[in-house]
Amino acid sequence: MSSILLSKNFPTCVCGAKDYDLVLDFKKGEESYQILKCRQCDLFRTWPVPLKQEPDFYQKQDDYLKREDQLALRTSFARATLLRLKKHKQSGRLLDVGCNLGIFVKEAGRFGFDAHGIDPCHKAIERGKKIFHLNECLKTGDLTTINFPEVSFDVVTLIHCLEHISNLNSVLEKVYFILKKDGIILVELPNFNSFWRKLLGRNWYGFAFKQHYWQFDPTSLKKLLENHHFTTLLVDTRHNMYHRLSFSVAGLIKLIISFLSFIFQRGDNLVIIAKK
Ligand SMILES: [Zn+2]
């Protein structure tokens, strides 16, 4: 059973409330982490709040090297996302926020979009430009530092990005501002409501306590976007790219869990597509 927590130390939620329920409590060595649920908007947050204040936080990240090693896997995931997106928008100007190397940007170009990407990590952007020849399409920065004109994009994608952003309201307001009428927002992130999360406990990939400010389930993500005047078109889940299936006992167990996740919509990768 969750308990109600009222602390003057807790930051205000994006909805303006400050009352949380304690949902999970983990101890990891000397460190302890909690997941709190906002009583008003159902959004989950990590406590303590991840510290990313250093100005060069993103420049120290070397996640892009790992992504380059996983190119084939990540490309297949980008394609699956694009197939979903194409059912709602066939072409147009697309911005991928938090694009890292630009794997999704490259694939979106192949799928017929005029695709662009931004990421705060300069090293990832420079590497992406080099390996994918996307010089004109990739930029270092984020939605608060790059001034895109109003109604200038048909699609904005935030793939495993929103959970890393502390100020959700200002970013979603900016997405709304730069989208054209009937423009599409696609958000993909870890699903807090997944079977995998419950099975793996604190070892679940989606926690990343030092990086993720928020956790989302279909209800809270839909509510957040609707509070920002978007109309939901699709809510879906799938298994994340690390659950690779193989001919082994472990592979069979993964296959069964992935199948049940598919049937009950409890995959650990949550996708939502909404319209301006
Ligand atoms: Zn809230």
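Atoms within a ligand are numbered from 1 in the order they appear, just like the ligands themselves.
Taking the six-membered ring for Trp and the full ring otherwise, Phe10 and Tyr20 have centroids separated by under 6.0 Å.
A salt bridge does not link Arg74 with Glu107: none of the charged nitrogens is closer than 4.0 Å to a carboxylate oxygen. Salt bridge Lys129/Glu126: present, at least one basic N to carboxylate O contact under 4.0 Å. The pair Lys27-Glu31 does not count as a salt bridge, with every side-chain nitrogen at least 4.0 angstrom from each carboxylate oxygen. Salt bridge annotation for Arg93-Asp154: absent, with no cationic side-chain nitrogen under 4.0 angstrom from a carboxylate oxygen.
The tally of protein N/O/S atoms under 2.8 Å from the Zn ion (ligand 1) stands at 4.
Taking the ring centre of Phe113 as origin, the terminal cationic atom of Lys86 falls inside the region bounded by 6.0 Å and 45° from the ring axis.
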